[in-house]
Colleague: 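Questions regarding the structure given below will be posed in turn.
All values reported here derive from a predicted model rather than from experimental measurement. Within every chain, numbering begins at 1; the chains are lettered A, B, ... in the order of the sequence lines, protein sequences first and strands thereafter.
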Number of protein chains: 2
Amino acid sequence: MNFMESAIDIAKTVQGEIAVGAVVVKNGEIIASSANKKEQDKDVTSHAEILALRMAAKKLDSWRLDDCDLYVTLEPCPMCAWAIINSRIKNVYFGSFDTNYGALGSKIDLRQIANSKLKVYGGIMEKECDKILEECFKELR
Amino acid sequence: MNFMESAIDIAKTVQGEIAVGAVVVKNGEIIASSANKKEQDKDVTSHAEILALRMAAKKLDSWRLDDCDLYVTLEPCPMCAWAIINSRIKNVYFGSFDTNYGALGSKIDLRQIANSKLKVYGGIMEKECDKILEECFKELR
């Protein structure tokens, strides 16, 4: 199964805010997923990654998301990157690069501060992810 | 009223995890507050600042915490600093400096990436805040 496609499908459902989708995978199965819901929830912390991490932690009854991977359509911001690092996620796969605020390599790399072993793979299905954001920004304008 | 004292009182209630307290103030009144509850909630995002921001947003029915200040006993980590910056908090007052992970000046300053006008005042009641952390770390060992 292509987990980035699942994240993309979630991103495509977003209305009225920045279209991002994220899924958490363990042992080849999606155990949690979310869209960005900042506007819907009226909560700055309701980014797709944060909501997916929280859902995964609930499912595993632990904040330690050992042996879990995260797939997200946009490079995580510093808030999400730090949460991901601290949750012990093993691998992050993201779609679009965020040269303004991307905190897993593009603008800064918070792994350096955390001395983290998190592995990061950027640009997965990049064109599809970029297209979702472009269409979203058109609508938001 | 001394709002840092309120944050300290909250930090002192913490058991079994890093003792941090935070309050959000608007128009001279505390509108939200929280302790760090990462272990209690089994949620990496349950830092005192994040929980206080979310509570304030609920109270104001908006993620935009205009004209609000945040008082917290320890310098915010990158996750919390980014959430604070994005929530439009006006002033942050923190107690202890965090030279390992502090993201409002000590280790990094995320305001530079966000091009943020957030004002930050560190070292408020620093000795009291340092003492709480020292005692907490003794207990956690």
Colleague: What do you reckon, is CD1 of A:Ile18 surrounded by more than 12 foreign heavy atoms closer than 6.0 Å?
Modeller: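 Counting neighbours around CD1 of A:Ile18, 12 or fewer heavy atoms of other residues, nucleotides or ligands fall under 6.0 Å, so no.
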Colleague: With the 4.5 Å side-chain cut-off for hydrophobic clustering, are B:Val92 and B:Val24 part of the same group?
Modeller: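 Yes.
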Colleague: A:Ala56, A:Ser62, A:Ala57: which one forms the most heavy-atom pairs within less than 4.5 Å of chain B?
Modeller: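 Max contact count across the listed options: A:Ser62.
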Colleague: A:Lys38 versus chain B, heavy atoms under 4.5 Å apart: side chain, backbone, both or neither?
Modeller: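 The answer is both parts of A:Lys38.
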Colleague: Taking atom CG of B:Asn100 and atom CD1 of A:Ile113, what is their separation to the nearest 0.5 Å?
Modeller: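 Result: 10.5 Å between the selected atoms.
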Colleague: Transitively linked via ILVMFWY side-chain contacts under 4.5 Å: B:Leu65 with B:Ile84?
Modeller: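 Both belong to a single hydrophobic cluster.
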Colleague: How many angstroms lie between atom CH2 of A:Trp82 and atom OH of B:Tyr101, to the nearest 0.5 angstrom?
Modeller: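 Rounded to the nearest 0.5 Å, the CH2-OH separation comes out at 6.0 Å.
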Colleague: Does a side-chain heavy-atom distance below 4.5 Å link A:Thr45 with B:Arg54?
Modeller: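 Result yes, sub-4.5 Å side-chain heavy-atom pair found.
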Colleague: With chain A as the partner, which of B:His47, B:Arg88, B:Arg64, B:Glu39 has the greatest number of non-hydrogen pairs under 4.5 Å?
Modeller: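 The residue among B:His47, B:Arg88, B:Arg64, B:Glu39 with the greatest pair count is B:Glu39.
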Colleague: Would you say the side chain of A:Ile108 lies within less than 4.5 Å of the side chain of B:Leu110, judging by non-hydrogen atoms?
Modeller: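 The answer is yes, as the side chains (C-beta and beyond) meet within the 4.5 Å cut-off.
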Colleague: Quick one: of B:Asn115, B:Asp61, B:Asn86, who has the most non-hydrogen atom pairs under 4.5 Å with chain A?
Modeller: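 Of the options given, most contacts go to B:Asp61.
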Colleague: Hey, quick one: are A:Ile132 and A:Leu140 part of the same hydrophobic cluster, counting side-chain heavy atoms closer than 4.5 Å, chains of contacts allowed?
Modeller: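 A:Ile132 does not cluster with A:Leu140.
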Colleague: If two hydrophobic side chains count as joined below 4.5 Å and joins carry through other members, does B:Ile50 share a cluster with A:Leu51?
Modeller: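 No, B:Ile50 and A:Leu51 fall in different hydrophobic clusters.
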Colleague: How many angstroms lie between NZ in B:Lys42 and NZ in A:Lys58, if you round to the nearest 0.5 Å?
Modeller: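 So the gap between those two atoms works out to 11.0 Å.
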Colleague: Are A:Leu74 and A:Phe137 grouped together when hydrophobic residues (ILVMFWY) are joined by side-chain heavy atoms under 4.5 angstrom apart?
Modeller: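 Yes, A:Leu74 connects to A:Phe137 through the hydrophobic network.
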Colleague: May I ask you to check whether over 12 heavy atoms, not counting those of A:Lys26, lie within 6.0 Å of atom NZ?
Modeller: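 Yes - once you tally the heavy atoms of other residues, nucleotides and ligands closer than 6.0 Å, there are more than 12.
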